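Each chain gets a letter, A, B and so on, in the order the sequences are listed, and its residues count up from 1. Note that the structure is predicted; figures quoted are calculated from it, not measured.
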Number of protein chains: 2
Amino acid sequence: MTSRKLNSTNYSNQVYLEERCTLNKLINLLSKRWMTEVLFGIEEGNNRFTTLKDELEHISDNILADRLKLLEEYKLISKESFSEIPARVEYTLTDTGRELSNILEKLCDFSDTCMLSHQQAAKKY
Amino acid sequence: MTSRKLNSTNYSNQVYLEERCTLNKLINLLSKRWMTEVLFGIEEGNNRFTTLKDELEHISDNILADRLKLLEEYKLISKESFSEIPARVEYTLTDTGRELSNILEKLCDFSDTCMLSHQQAAKKY
DNA sequence: GTCATAACTTCGTAATTAATGAGTTATTCT
DNA sequence: AGAATAACTCATTAATTACGAAGTTATGAC
């Protein structure tokens with residue numbers, strides 16, 4: 001994954017928004033593809049690289065690795081490596097991760113009504 | 001803005017995720033740049049194209065127009081045109097929009113602690 | 001009749017993000 | 001020795017999203 005151009009308007013606008021409100025930072029994180037599904041997957045007990053990969057059918061290795069790394073960086077999940085054969089690594093939600101998950105569930109309930117009604121409206125015309 | 005390639009993996013993965021959970025649809029909408037700020041801006045009373053533009057300093061016309069159109073499409077805001085001179089158009093949050101805004105405020109409180117602690121951790125190393 | 005303003009739209013390009021595919025390390029099973 | 005498995009990494013390419021600048025429509029003021 002290539003690094004960002006620090007002198008672009010695109011970048012400086014993102015910084016501007018993140019400074020305006022940290023929500024923009026969080027949404028930027030959560031909006032990366034597969035991110036919420038990885039989080040929910042771990043919450044539901046799919047706590048290994050391969051089980052997550054199996055559950056999320058179409059995700060590619062590098063994306064899953066990246067999302068796990070980000071979630072760990074933001075302390076939403078924690079990683080534990082067991083020195084077994086073959087190697088085993090387990091991920092679990094942190095308290096912060098669980099807190100986030102709870103808020104997202106509310107957002108999810110909301111989106112069920114909001115997004116579905118939009119879908120129907122879009123179909124009609 | 002160019003249209004999507006309907007036969008790409010990129011596209012079919014997005015569809016897959018949106019079918020899995022409507023939250024992915026909502027986050028996809030909210031993650032478009034400036035989207036939450038436009039929503040909050042309207043809530044705070046900046047309900048015209050130009051006042052929003054002034055408040056959001058660096059936003060460009062076409063992006064603001066697009067975000068307003070999307071928010072209206074999803075019935076999060078409503079638009080009223082007054083036949084005055086010069087033309088006046090006003091945007092206001094719908095009930096649904098206000099409901100969303102409330103949930104987002106909770107997410108915002110969360111991100112204040114979560115994202116700020118990450119920032120400090122990142123600075124240390 | 002030219003200028004100004006509000007609220008947009010359109011087009012081309014730059015920047016970012018996702019996907020594909022091959023390679024890595026360590027270890028055991030055959 | 002060769003194949004298999006878990007959990008990754010890296011480079012290249014494809015797709016999407018954001019930006020910049022100019023153009024549009026309607027109306028009234030000068």
Side-chain angles (χ1 to χ4, degrees), chain A residues 1-17 24 27-35 37-38 42 46-54 56-72 77 79-91, chain B residues 1-17 24 27-35 37-38 42 46-54 56-72 77 79-91:
Chain A
M1 320 230 166
T2 40
S3 60
R4 297 195 73 159
K5 286 217 167 169
L6 302 181
N7 59 344
S8 65
T9 308
N10 190 318
Y11 176 72
S12 63
N13 280 350
Q14 183 61 30
V15 171
Y16 171 79
L17 287 169
N24 289 309
I27 287 182
N28 193 234
L29 177 72
L30 295 176
S31 69
K32 289 181 189 306
R33 195 166 288 176
W34 307 98
M35 190 62 92
E37 296 300 322
V38 172
I42 294 170
N46 285 314
N47 49 8
R48 299 184 59 181
F49 195 91
T50 35
T51 58
L52 283 165
K53 201 165 136 57
D54 290 346
L56 299 176
E57 296 179 82
H58 311 294
I59 196 171
S60 49
D61 287 18
N62 64 343
I63 299 288
L64 178 54
D66 176 74
R67 302 300 120 101
L68 288 169
K69 192 191 280 181
L70 279 169
L71 286 171
E72 201 199 345
I77 62 173
K79 179 180 177 173
E80 194 175 359
S81 306
F82 299 87
S83 38
E84 290 179 6
I85 299 131
R88 187 158 66 94
V89 175
E90 278 190 13
Y91 298 95
Chain B
M1 318 230 168
T2 39
S3 60
R4 296 196 72 159
K5 286 216 168 168
L6 301 181
N7 59 345
S8 66
T9 308
N10 190 318
Y11 177 72
S12 64
N13 280 349
Q14 183 62 31
V15 171
Y16 170 78
L17 287 169
N24 289 309
I27 288 183
N28 194 235
L29 176 71
L30 296 177
S31 69
K32 288 180 191 306
R33 195 165 287 175
W34 306 99
M35 191 63 93
E37 296 300 322
V38 172
I42 294 171
N46 285 314
N47 49 7
R48 298 182 59 179
F49 195 91
T50 36
T51 58
L52 283 165
K53 202 165 134 56
D54 289 346
L56 299 175
E57 296 178 84
H58 310 295
I59 197 171
S60 49
D61 286 19
N62 61 347
I63 300 288
L64 178 54
D66 176 75
R67 301 302 118 101
L68 287 168
K69 192 191 279 181
L70 280 168
L71 287 171
E72 201 198 346
I77 62 173
K79 179 179 175 173
E80 195 176 359
S81 305
F82 300 87
S83 40
E84 292 180 5
I85 299 130
R88 186 157 65 94
V89 176
E90 278 191 11
Y91 298 96

*Euclidean distance, Leu56(B) CG relative to Trp34(B) CH2, rounded to 0.5 Å*: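 These two atoms lie 6.0 Å from each other.
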
*OP1, OP2 of dT5(D) versus side-chain N and O of Arg88(A): anything below 4.0 Å?*
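No.
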
*Are Lys32(A) and dA19(C) close enough that a side-chain N or O sits under 4.0 Å from OP1 or OP2?*
no

*Is the base of dT9(C) touched by the side chain of Asp61(B) through a donor-acceptor pair closer than 3.5 angstrom?*
no

*For Lys53(A) against Asp61(A), the heavy-atom pair lying closest together*: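 Closest approach of Lys53(A) to Asp61(A), heavy atoms only: NZ-OD1, 2.7 Å.
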
Between atom [atom1] in [X] and atom [atom2] in [N], what is the gap in whole Å?
X: Leu56(B); N: dA7(C); atom1: CG; atom2: C1'; value: 16 Å
X: Lys69(A); N: dA7(D); atom1: NZ; atom2: C1'; value: 12 Å
X: Leu71(A); N: dC8(D); atom1: CG; atom2: P; value: 13 Å
X: Ile63(B); N: dA14(C); atom1: CD1; atom2: P; value: 16 Å
X: Leu68(B); N: dA6(C); atom1: CG; atom2: P; value: 16 Å
X: Asn62(A); N: dT12(D); atom1: CG; atom2: P; value: 14 Å

*Pairwise side-chain contact, Leu17(A) with Glu37(B), heavy-atom cut-off 4.5 Å (strictly under)*: yes

*Are side-chain heavy atoms of Leu68(A) and Leu52(A) found at a separation under 4.5 Å?*
yes

*How is Phe82(B) classified with respect to the nucleic acid when contacts are heavy atoms under 4.0 Å: base, sugar-phosphate, or nothing?*
nothing

*asked:* Under 4.0 Å, heavy atoms only, any strand: does Lys53(A) hit a base, just the sugar-phosphate, or nothing?
replied: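 Lys53(A): no heavy atom of the nucleic acid under 4.0 Å.
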
*Angle of first-five versus last-five pair axes in the helix from dG1(C)-dC30(D) to dT30(C)-dA1(D), to 10 degrees*: 30°

Sub-3.5 Å pairs of nitrogen or oxygen atoms, protein against nucleotides 13-15 of chain D:
residue: dA15(D); atom: OP2; partner: Lys5(B); partner atom: NZ; Å: 3.3
residue: dA15(D); atom: O3'; partner: Ser8(B); partner atom: OG; Å: 3.4

